[in-house]
2 protein chains.
Amino acid sequence: MGVVRKTQSVNLVLNAFKAENKAISVIDLVDRFSDKINKTTVYRVLDRLEDDGVLHSFLGVNGIKWYAPCKDCSEHKHTDVHPHFQCTDCGKIDCLNVDIIIPKLPNREVAGAQVLIQGKCEACCN
Amino acid sequence: MGVVRKTQSVNLVLNAFKAENKAISVIDLVDRFSDKINKTTVYRVLDRLEDDGVLHSFLGVNGIKWYAPCKDCSEHKHTDVHPHFQCTDCGKIDCLNVDIIIPKLPNREVAGAQVLIQGKCEACCN
DNA sequence: TTTGTTAATGCAACTAAGTTGTATTAAATT
DNA sequence: AATTTAATACAACTTAGTTGCATTAACAAA
């Protein structure tokens, strides 16, 4: 909800995700835009873009927040419950285009799941 | 590795896990022992117990660290890669005794996975 | 194109989780 | 009981993220 203005900050952040089609950590974003966008603004821009279904967020190994572009999400429906893969060598995270089967749990109401697979990425496997 | 002494702090922490057989967040532990154990000590005790395969740690929804007793872990082998279930209502986390199947990923070396299932727990389902 | 509205920003100060260094204390060993 | 050294308390620090508020800049309407 709410009017989302195409501000300079929004454009800068969106271009970053367009340029490299992978997840970027908030820390990385705050750092790389430190001379152009205020830290607080980065956090708020990401919040807004997530609300609008443009980005989705999740947590990396150390509890650091990461963002990645959404594919099938909208403002009203967030279907992006795919797993993420974090490389233990280089630290990079990719979105995986596979489905994880969550088993039925008796007496519990499953609403979603966060799956972070760890290991060596393609580049670091050599 | 390393000699682990059965200190007062270690006993207090271990008793907490023995009393309630579920995961406890670091924040909770630091808080409930605030008048008996120093914050730094709580962190270091948990570190040691995890190294020794007594406890295992994982991250909750907000990137907060949680600990739970290990069942089949040892100092040398950590096999506890079961999923955890966090209730979106009451915030409590349980260890789930089910296996999650991680799909084979081409060109990647999978080392482990963190699975956090979210929803309503048994108590909050009513 | 100017004006008015208000979303968005910058800045400073703050909170909260977790870490580090160091002197002191208390397990365990002799 | 004396000795060794792991473990602790305390203070200070780091880092991720938030809050409040005055200012700025999108953007719509005149």
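Every chain is numbered from 1, with letters handed out A, B, ... down the list of sequences. Computed over heavy atoms, backbone and side chain alike; hydrogens, waters and symmetry mates excluded.
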Between [atom2] of [N] and [atom1] of [X], the distance in whole Å:
X: B:Leu46; N: C:dT19; atom1: CG; atom2: P; result: 11 Å
X: A:Tyr43; N: D:dA16; atom1: OH; atom2: C1'; result: 5 Å
X: B:Leu12; N: C:dA26; atom1: CG; atom2: C1'; result: 15 Å
X: B:Asp31; N: C:dA16; atom1: CG; atom2: P; result: 12 Å
X: A:Ile27; N: D:dT15; atom1: CD1; atom2: C1'; result: 8 Å
X: A:Arg44; N: C:dT9; atom1: CZ; atom2: P; result: 8 Å
X: A:Asp47; N: D:dT19; atom1: CG; atom2: C1'; result: 13 Å
X: A:Asp52; N: C:dA7; atom1: CG; atom2: C1'; result: 13 Å

- Query: Parallel, tilted or perpendicular: which fits the ring planes of B:His84 and B:Phe58, with parallel below 30° and perpendicular above 60°?
  - Reply: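 If you compare the ring of B:His84 with that of B:Phe58, the planes turn out parallel.
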
For residues 110-126 of chain B, tabulate all N or O donor-acceptor pairs below 3.5 Å that involve a side-chain atom, not counting sequence neighbours.
residue  : atom : partner  : partner atom : Å
B:Gln114 : NE2  : A:Gln118 : OE1          : 3.3
B:Gln118 : OE1  : A:Gln114 : NE2          : 3.3

- Query: Hey, does A:Pro103 have a side-chain heavy atom less than 4.5 Å from the side chain of B:Ile100?
  - Reply: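 B:Ile100 vs A:Pro103: side chains touch.
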
- Task: Using a cut-off of strictly less than 4.0 Å, decide whether A:Thr41 has a side-chain nitrogen or oxygen near OP1 or OP2 of C:dG10.
- Result: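 Affirmative; the distance criterion is met.
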
- Message: Taking 4.0 Å as the cut-off, does a side-chain nitrogen or oxygen of B:Ser9 come that near to OP1 or OP2 on D:dT8?
- Response: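 Checking B:Ser9 against D:dT8: at least one side-chain N or O falls below 4.0 Å of OP1 or OP2.
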
- Query: What nucleic acid atoms does A:Val45 come within less than 4.0 Å of, heavy atoms only: base, sugar-phosphate, or nothing?
  - Reply: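 The answer is sugar-phosphate, as A:Val45 gets under 4.0 Å only of primed atoms, P, OP1 or OP2.
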
- For A:Lys36, does the NZ atom have more than 12 heavy-atom neighbours from other residues, nucleotides or ligands under 6.0 Å away?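 Not more than 12 within 6.0 Å, no.
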
- Query: Considering heavy-atom distances to DNA chain D, does B:Thr40 or A:Val26 have its closest nucleotide positioned more toward the 5' end?
  - Reply: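 Its nucleotide being nearer the 5' end, the pick is B:Thr40.
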
- Query: Could A:Arg32 and A:Asp28 be called an ion pair, given the rule that one side-chain N must be under 4.0 Å from one carboxylate O?
  - Reply: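 Looking at A:Asp28 together with A:Arg32, the answer is yes, because their closest N to O distance falls below 4.0 Å.
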
- Message: Both B:Leu59 and B:Thr7 contact DNA chain C. Taking the nearest nucleotide for each, which residue is further toward the 5' end?
- Response: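 Nearer the 5' end of the strand: B:Leu59.
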
- Message: So if I take every side-chain heavy atom of A:Ile37 and compare against C:dG10, C:dT9, D:dT18, which nucleotide ends up nearest?
- Response: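 Shortest atom-to-atom distance from the side chain points to C:dG10.
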
- Query: Would you say the base of C:dG18 and the side-chain of B:Lys39 have a donor-acceptor pair closer than 3.5 Å?
  - Reply: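 Answer is yes: a donor-acceptor pair is held.
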
- Task: Ignoring hydrogens and angles, answer whether the base of C:dA8 and the side-chain atoms of A:Arg5 contain a donor-acceptor pair closer than 3.5 Å.
- Result: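 Donor-acceptor pair under 3.5 Å: no.
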
